[in-house]
Amino acid sequence: MWFVIVFLGVLPTTGCLFRTRPVEDKISTAPLKQASPQQVIDAINEQADAIKSLKATVDIDSSAGGVKKGKVTQYKEIRGIVLARKPEWLHMIGLMPFVRTTAFDMVSDGDDFKLWIPPRNKFVIGKNKVTSGDADQPMEKIRPQNISDALLIHRIDPDNEIAVVENGQEILHDNKGHRVLQDDYELTVIRRSDDGWKLARKIIISRTDLKPHREFIYSDDGKVMTDARYAEYKDYNGFSFPSRIEISLPQEEYDITLNMLKVEINTPLKDEQFVLAEPPGANVVHLDRPQSTLVMPLRDAR
């Protein structure tokens, strides 16, 4: 150790052997809240228990593509209607710009889903966990479960899940685009499965308001299946809920942003509101059938 001290002491100060530079990152000066690990877990569970259903009018921005596809296609903002009910029920309708005719209609009960695309006269039926579909038609690759899980964060199940809270740090940007480092809480959830314990979720809780600002949902093989960001929380009749939710599906290279225009929390939603009947004359596609049956209407494939 004495050798290092002597060596540093005799170094020239002309700067030819070393130089200093300012650190570009800044530390956030926002007032931060303190919470114990159990309080962080309780806060997530309290929100999950409080919000059972969601009815919203939204503006939908989306894009498809990335490194795998070699290009990114932006889709025009369309008006949408979203119905969500726990555990995993979803009904989502997209309306064409200006004319407000149906661009797509999608429902799911958590296991099966149906997708009606009127402009293509196509009616798709499949399982939520099956990731097949037309690679050139992003709406056929997205699964309702990706959206419903991001919309309504699930509580931590003490019987089948273990939650660990880490003191982390998130990177924000100021109004000039400079990086700002801010302390946060990162809640990692491990779930019990038939073949052992697996990484299930990671929830980033901002310490400015102790609300979830990001959630990573993982597939069974440990890949990020859904990356959801929550921003601009507002009060909706006594319920705090984000007014903008960005949902990224990195495996499918599909991004969707929901900008909330009108939100109703815990409005009673009936089972029949999650029913989508096959339109007469539609070309029916079953994603769980051999590829040869996907190119023709179901009635022709029989």
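Predicted model, so just to flag it, every value in this text is computed and none were measured.
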Participant: I'd like to check the salt bridge (charged side-chain N to carboxylate O under 4.0 Å, His left out) partners of Glu46; sequence neighbours left out, ordered by chain and number.
Facilitator: none

Participant: Check whether any side-chain N or O of Asp42 sits under 3.5 Å from a backbone N or O of Pro37 as a donor-acceptor pair, and report yes or no.
Facilitator: no

Participant: Is there a donor-acceptor pair closer than 3.5 Å between any side-chain N or O of Arg191 and the backbone N or O of Asp157?
Facilitator: no

Participant: Would you please classify the geometry between the Phe274 ring and the Trp89 ring as parallel, tilted or perpendicular, with 30° and 60° separating the classes?
Facilitator: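 Trp89 vs Phe274 ring planes: perpendicular.
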
Participant: Taking Leu210's backbone N and O only, do any of them form a donor-acceptor pair with Ser206's side chain (distance below 3.5 Å, no angle check)?
Facilitator: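 Side chain of Ser206 to backbone of Leu210, a donor-acceptor pair under 3.5 Å: no, none is there.
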
Participant: I'd like to know if the side chain of Asp184 and the backbone of Gln169 have a donor-acceptor N/O pair within less than 3.5 Å.
Facilitator: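 Yes, Asp184 side chain to Gln169 backbone: donor-acceptor pair under 3.5 Å.
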
Participant: Could you list who else is in Ile27's hydrophobic cluster, with ILVMFWY side chains joined at under 4.5 Å, directly or through other members?
Facilitator: Ile171, Leu181

Participant: Between Lys223 and Asp220, does any side-chain N to carboxylate O distance fall below 4.0 Å?
Facilitator: no

Participant: Main chain of Leu249, side chain of Asp227: is a donor-acceptor contact present, judged purely on distance under 3.5 Å?
Facilitator: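 Not confirmed, Asp227 side chain does not pair with Leu249 backbone.
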
Participant: Which pairs, with at least one residue in residues 216-235 and sequence neighbours excluded, count as a ring pair (Phe, Tyr, Trp, His ring centres under 6.0 Å)?
Facilitator: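 Of all non-adjacent pairs touching residues 216-235, those that pass ring pair (Phe, Tyr, Trp, His ring centres under 6.0 Å) are His213-Tyr233.
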
Participant: Are the charged groups of Glu246 and Arg244 less than 4.0 angstrom apart, N to O?
Facilitator: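 Salt bridge flag = yes for Arg244 with Glu246.
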
Participant: Give a yes or no on this: more than 12 heavy atoms of other residues, nucleotides or ligands lie within 6.0 Å of atom NZ of Lys198.
Facilitator: yes

Participant: With sequence neighbours excluded, tell me which residues meet side chain to side chain contact (heavy atoms under 4.5 Å, CB included) with Asp59.
Facilitator: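 Scan of Asp59 (side chain to side chain contact (heavy atoms under 4.5 Å, CB included), adjacent residues dropped) gives Glu77, Arg79, Asn259, Leu261.
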
Participant: Does either side chain, that of Arg85 or that of Gln273, offer a donor lying less than 3.5 Å from an acceptor on the other one?
Facilitator: no

Participant: With a 4.0 Å cut-off on N to O distance, would you call Glu215 and Arg229 a salt bridge?
Facilitator: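 Between Arg229 and Glu215 there is no salt bridge, as every charged N stays at least 4.0 Å from the carboxylate O atoms.
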
Participant: Can a salt bridge be assigned to the pair Lys127 and Asp111 using a cut-off of 4.0 Å between side-chain N and carboxylate O?
Facilitator: no

Participant: Please confirm whether the backbone N or O of Phe104 pairs with a side-chain atom of Thr102, one donor and one acceptor, at under 3.5 Å?
Facilitator: no

Participant: What residues, two or more places apart in sequence or in another chain, satisfy ring pair (Phe, Tyr, Trp, His ring centres under 6.0 Å) together with Trp116?
Facilitator: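 Partners of Trp116 by the ring pair (Phe, Tyr, Trp, His ring centres under 6.0 Å) criterion come out as none, since no residue qualifies.
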
Participant: Any sub-3.5 Å donor-acceptor pair from Asn45's side-chain atoms to Ile156's backbone N or O?
Facilitator: yes

Participant: Examine distances only and state if a side-chain atom of Thr226 and a backbone atom of Ile217 form a donor-acceptor pair shorter than 3.5 Å.
Facilitator: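 Pair absent, no side-chain N/O of Thr226 close to backbone of Ile217.
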
Participant: Examine distances only and state if a side-chain atom of Asp235 and a backbone atom of Ser240 form a donor-acceptor pair shorter than 3.5 Å.
Facilitator: no

Participant: So, using side chain to side chain contact (heavy atoms under 4.5 Å, CB included) as the criterion, who are the partners of Arg192 when residues are at least two apart?
Facilitator: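 Scan of Arg192 (side chain to side chain contact (heavy atoms under 4.5 Å, CB included), adjacent residues dropped) gives Asn160, Trp197.
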
Participant: Examine distances only and state if a side-chain atom of Lys211 and a backbone atom of Ala43 form a donor-acceptor pair shorter than 3.5 Å.
Facilitator: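 Flag not set: sc Lys211 to bb Ala43 has no pair under 3.5 Å.
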
